[in-house]
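Working notes, beginning with the structure itself.
We use all heavy atoms of the structure for the numbers below, so side chains are in, but hydrogens, waters and symmetry mates are not. Reminder, nothing fancy here: chain letters follow the sequence lines and each chain counts from 1. In this text, all values refer to a predicted model and were calculated from it rather than measured experimentally.
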2 protein chains.
Amino acid sequence: MPQTAKILIVEDDAHIRRLLHATMQRAGYDVVEAAAARQALSLLDIERPDVVLLDLGLPDRDGLELIEPIRLRSAATLIVVTARDESAEKVAALDLGADDYVTKPFDTEELLARIRTALRHQRAIAAGELVTVVEAGDVHIDMDRRRVTRDGSEVHLTPKEYGVLVELAKRPDRVLSHAQLLRTVWGPAHVERVEYLRIVVRGLRQKLEKDPARPRLIVNELAVGYRLLLREAG
Amino acid sequence: MPQTAKILIVEDDAHIRRLLHATMQRAGYDVVEAAAARQALSLLDIERPDVVLLDLGLPDRDGLELIEPIRLRSAATLIVVTARDESAEKVAALDLGADDYVTKPFDTEELLARIRTALRHQRAIAAGELVTVVEAGDVHIDMDRRRVTRDGSEVHLTPKEYGVLVELAKRPDRVLSHAQLLRTVWGPAHVERVEYLRIVVRGLRQKLEKDPARPRLIVNELAVGYRLLLREAG
DNA sequence: GGCGAGGATCAGCGCGCTGCTCATGGCTCA
DNA sequence: TGAGCCATGAGCAGCGCGCTGATCCTCGCC
């Protein structure tokens, strides 16, 4: 990542586009803008932005359909801007791979704060400051060595099991949606196959939980997803 | 935002206008006033107030029609002044983008308190803080981790309960109309089903309130909507 | 070529969340 | 003080959702 971060604005309304452009420039970012999908994708390759601001625009789902190609093509943080404040759309956007979600009319300062957070996160990853060892109860996860131990003795995990566990361990205590886990471990084509995920979670629980029937490590959030609990709290 | 906040008063009745002007000045705010719509909009650009006090006035809907242009043109907090028994008008104002309302004859102290909370909120955002944690009494809401605790111990919420609570927490101390909550949590097809909302609110109260029969956290605004109170005031 | 492990499917089951209705109670206003 | 609206409370039925068990298939290893 260069000194000054680069932001790609994807927005069809020229007025808002100029407004965002000016705001971002004033905040010290390099700015590139695109008014349409094709342009956005090619700029993604050429300019390699650190953050993409994607306006979903109004009535169609065109904007949503842009999320996946962007995600496949770039590691940039993808922030979605939309006028519709509905949880269903938010869930859809995050499931397709968006990193954050802001609703219009948005507060400029809030948007800038979210961009700062995203960039801070990127820098932490780039600097290798990422936690690679996670302790959850008596389970020890070493993502560097690809080793998982329980009470000191190694636990053998299948590739899928390990993949899911690592995703959970990278963001401990947070809920990851079914789709998020499925997309990163199985790939975008399988986001709907919740059954696969459940089977793998079952395997993990049998290998890692004291009482697999009463999970305290990998817990479910109804209709949302799974979460890895660090401290075994009641 | 400058040291002393600036307030724009939009009010056609000269008598009330002077009264409000004096009250605000005595409270230490800079005051600008407008008697008509056009004047209000141009002053908005020139003076860039932090708060707009908009009197919806009497019989016509001119006042309501001012809300949207103000909202588009400015990030100011928009507080509407309405007549007592016009709950439909309050709902309309909120849905159009007003931040809050007070009813005539209004309590000066209440009005000032509303303005103070609005300014506090603005300052937090301007400082670049991304608010993801809200404290309301002994209830702790962490929107980042999707976790709610009461007196330190975790409270399990259902998806709908969590959705409603988050919407309220994102705009603490403000009224959200039934329709606003229903649209964001249930989706636009269910804006009429106030019953659903009520049942979820009941669940939240039973889990979060000390005395669910006398709510101090999630309080009702008659015929309008609900409000999440931060400080448990009488 | 046989065997075992992992992954993909499918059917069955039970919990509890959600949706919905009826009954009760409180607040406003005439 | 009574009428009417609006909010609250309780109970119930359906089913969405998560979990389990079992089977088939594929691939790698011996």
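- Using a 4.0 Å cut-off, no side-chain N or O of A/His190 falls inside it from OP1 or OP2 of C/dA8.
- B/Ser87 places no side-chain N or O within donor-acceptor distance of the main-chain N or O of B/Val224, the cut-off being under 3.5 Å.
- Picking from D/dA10, C/dG6, D/dA7 the nucleotide with the shortest atom distance to the side chain of B/Ala223 gives D/dA7.
- In this structure, of D/dC6, D/dG18, C/dG19, it is D/dG18 that holds the atom nearest to the side chain of A/Arg198.
- Between B/Thr82 and B/Leu56, the shortest heavy-atom distance links the atoms CG2-CD1, 3.8 Å.
- The interatomic distance linking B/Glu221 (CD) with C/dC27 (C1') rounds to 14 Å, in whole Å.
- Within the 4.0 Å cut-off from OP1 or OP2 of C/dA5, not a single side-chain nitrogen or oxygen of A/Thr158 is found.
- Counting heavy atoms from C-beta outward, B/Arg198 and B/Tyr226 have side chains that approach closer than 4.5 Å.
- Side-chain atoms of A/Arg227 never come within 3.5 Å of backbone atoms of A/Leu176 as a donor-acceptor pair (strictly under, hydrogens ignored).
- With salt bridges taken as basic N to acidic carboxylate O contacts below 4.0 Å, none links A/Arg71 and A/Glu68.
- As judged by a 4.0 angstrom heavy-atom cut-off over every strand, A/Tyr162 is placed among residues making no nucleic acid contact.
- Looking at residues 164-173 of chain B, you'll see that no heavy atom sits under 4.0 Å from any atom of DNA chain D.
- A/Gln206 has no side-chain polar atom (N or O) that falls below the 4.0 Å cut-off from OP1 or OP2 of D/dC19.
- When distances run from any side-chain atom of B/Ala213 to the nucleotides C/dT21, D/dG21, D/dG9, the shortest one goes to D/dG9.
- Within the structure, every side-chain polar atom (N or O) of A/His156 is placed at least 4.0 Å from both OP1 and OP2 of C/dA5.
- The nucleotide whose nearest atom lies closest to any side-chain atom of A/Trp186 is, among C/dA8, D/dA7, D/dG18, C/dA8.
- A pairwise comparison of heavy atoms in B/Tyr101 and B/Val175 identifies CE2-CG2, 4.0 Å as the closest pair.
- Of the listed nucleotides (C/dG7, C/dC10, D/dC19), D/dC19 has the atom at the smallest distance from the side chain of A/Arg205.
- If you check D/dT8, D/dC19, D/dC6 against the side chain of B/Tyr226, the one that comes closest is D/dT8.
- The base of D/dA10 is paired with the side chain of B/Arg202 by a donor and an acceptor separated by under 3.5 Å.
- Not a single donor-acceptor pair under 3.5 Å links the side chain of A/Asp85 to the backbone N or O of A/Thr103.
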